[in-house]
> 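I'd like to ask you about the structure that follows.
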Amino acid sequence: MFISCYNLLQFFPLLYKDSSHEGKHKTNPFTIIRDHQNAGDFLCLIGLPVMLYLSRKKKIAMISLSTLPIGDLTQYDWIAHFQANHDHHLQIDFSTEPELTPQEKSLISPSIQNFQKGEASEGCFLLHCAKRYAGLSHDLEYPEAMKWFVREENRHSAYLRKFMDYHQIPVGRHSFLDDIFRLLRKSGGLRTEIIVLVTAEMIALSYYRALAECIDSPALKSICRQMLKDELPHIVFQSYTLYKLKSYPIENLLRILLMEASMTVVWFCYKNVFRAGDYSYHRLATDCLGYLRQSIKIAENGTNS
């Protein structure tokens, strides 16, 4: 929340100034939020100081969603996509897996228990909302695609559970973060479900990158690589759903605030894992805001180019 408040104050004169009347201030600053064409630029202004600060210290490659082999989103077959992933799912190899030290188990257990529980959701409310949306929009393939999406998420949970069982890490019984995300997702309809869900998935991208590097585990690295491979298209899938739903004026600002609040809570809960994986809070913020900006552009334009 501090990032957005500080940056809004810092960039308020740029938002308020009317470039067509130099020296005058006639443009309402909040038109940039209402104007969907400018919402991506608005997000860039909010995230820019963090990105500029970080770029002076260390260059970090941002994964671009436009590089994914998806093509025209209006024609893309998501059911076939998820089915292909199901047919070629990961076979975890433990043949060279070393035994984790007590320190390594202590480091990763709280977070991996939470993420494993989060990926295990049956998505009953999400699937109900998807069916209702399909009935109103006549997008009859959408509920089936969403079923396959939930199955893929559950498969991710199974990967983590298999790793946990191998190293005798107990399954988490209760997750404060998971409870919060589930409560937020069920506070509205399909739009709210998707916004909260895709926010969590964008944060998860950074988490799995950090998790892969924080301990020496070939099995965990292979799981995290598979997670990243699967989760990146998820962001496109969910963002395109938001495009079909059509955003309302203040939605993008709410998404920014939700992202900043969520990534900050996740950081404070699991900062030891992030730091062990070479993630500072600034790097996490840069990644999350970068993914969010790409998601907003898809939600606005309906294209991944």
Side-chain angles (χ1 to χ4, degrees), residues 33-34 36 39 65 68 70-86 115 117-158 175 177-204 230-259 261-262 291-292 294-304:
I33 304 174
R34 293 201 308 267
H36 295 187
L65 300 178
L68 300 177
I70 291 178
D72 185 356
L73 293 178
T74 63
Q75 303 296 324
Y76 194 70
D77 189 339
W78 285 105
I79 296 176
H81 171 92
F82 292 126
Q83 288 176 337
N85 286 353
H86 174 77
F115 277 81
K117 185 175 178 60
E119 301 273 12
S121 172
E122 295 179 355
C124 295
F125 186 69
L126 175 62
L127 296 175
H128 170 75
C129 291
K131 288 180 181 178
R132 185 178 179 184
Y133 161 76
L136 295 173
S137 66
H138 305 292
D139 187 353
L140 301 181
E141 292 186 351
Y142 183 72
E144 184 66 17
M146 190 60 77
K147 285 181 183 179
W148 281 98
F149 162 78
V150 172
R151 289 172 189 167
E152 187 156 288
E153 291 287 280
N154 293 165
R155 192 162 62 250
H156 293 172
S157 176
S175 170
L177 279 179
D178 186 55
D179 288 346
I180 291 177
F181 275 109
R182 287 176 190 256
L183 182 63
L184 288 173
R185 285 170 55 183
K186 294 181 179 180
S187 64
L190 181 62
R191 183 193 307 276
T192 304
E193 273 270 10
I194 297 301
I195 288 175
V196 177
L197 179 61
V198 76
T199 299
E201 291 196 304
M202 288 184 280
I203 296 172
D230 292 344
E231 295 283 0
L232 285 164
H234 289 183
I235 296 176
V236 179
F237 175 59
Q238 306 297 3
S239 301
Y240 187 64
T241 297
L242 293 176
Y243 168 76
K244 292 188 290 185
L245 291 172
K246 306 301 179 187
S247 62
Y248 54 86
I250 202 69
E251 179 177 304
N252 291 331
L253 178 58
L254 294 177
R255 291 189 67 187
I256 296 165
L257 297 177
L258 175 63
M259 172 60 81
S262 300
Y291 291 129
L292 180 57
Q294 294 178 74
S295 174
I296 284 179
K297 285 188 175 181
I298 295 171
E300 288 177 345
N301 305 321
T303 177
N304 191 35

> Under the side chain to side chain donor-acceptor pair (under 3.5 Å) criterion, do His234 and Glu231 qualify, and how do the steps go?
CA-CA 5 Å; His234 289 183; Glu231 295 283 0; 3.2 Å; yes

> Give a yes or no answer on whether the side chain of Glu119 reaches the backbone of His156 with a donor-acceptor pair at less than 3.5 Å.
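No; judged by distance alone, with no hydrogens or angles, the pair does not exist.
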
> Kindly check if the number of other-residue, nucleotide or ligand heavy atoms within 6.0 Å of NZ (Lys244) is above 12?
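Atom NZ in Lys244 is crowded, with more than 12 foreign heavy atoms closer than 6.0 Å.
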
> So Asn301 and Thr303, side chain to side chain donor-acceptor pair (under 3.5 Å) or not? Walk me through it.
CA-CA 5 Å; Asn301 305 321; Thr303 177; over 6 Å; no

> I'd like to know if the side chain of Thr199 and the backbone of Ile195 have a donor-acceptor N/O pair within less than 3.5 Å.
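Answer holds: yes.
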
> Output all residues satisfying side-chain hydrogen bond (donor to acceptor under 3.5 Å, both in side chains) with Asp77, sequence neighbours left out; order by chain, then residue number.
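Scan of Asp77 (side-chain hydrogen bond (donor to acceptor under 3.5 Å, both in side chains), adjacent residues dropped) gives none.
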
> May I ask you to decide whether Arg155 forms a salt bridge with Glu152, counting only side-chain N to carboxylate O separations under 4.0 Å?
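Yes.
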
> Within the distance-only criterion (no hydrogens, no angle test), does the side chain of Arg132 pair as donor or acceptor with the backbone N or O of Leu127 below 3.5 angstrom?
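No; judged by distance alone, with no hydrogens or angles, the pair does not exist.
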
> Quickly, which of Thr241, Val236, Ile235 forms a side-chain contact (heavy atoms from CB on, under 4.5 Å) with Ser239? Name it, please.
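When Thr241, Val236, Ile235 are each tested with Ser239, the side-chain contact (heavy atoms from CB on, under 4.5 Å) holds only for Ile235.
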
> When you measure from the side chain of Asn154 to the backbone N and O of Glu122, does any donor-acceptor pair fall under 3.5 Å?
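No.
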
> For Ile203 versus Ser262, what's the shortest heavy-atom pair and its separation?
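Closest approach of Ile203 to Ser262: CD1-CB, 3.5 Å.
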
> Where do Met202 and Ser295 come nearest, in terms of heavy atoms and distance?
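Nearest pair, atom of Met202 first, then Ser295: SD-CB, 4.2 Å.
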
> Please report the interatomic distance CE(Met259) to CG(Leu292), rounded to the nearest 0.5 Å.
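Met259 atom CE to Leu292 atom CG measures 5.0 Å (nearest 0.5 Å).
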
> For the CG atom of Leu245 and the OG1 atom of Thr192, what is their distance to the nearest 0.5 Å?
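The distance works out to 10.0 Å.
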
> Exactly one of Phe149, Trp78, Tyr133 should register a ring pair (Phe, Tyr, Trp, His ring centres under 6.0 Å) with Tyr142. Which one does?
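Of Phe149, Trp78, Tyr133, ring pair (Phe, Tyr, Trp, His ring centres under 6.0 Å) with Tyr142 is met by Tyr133 alone.
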
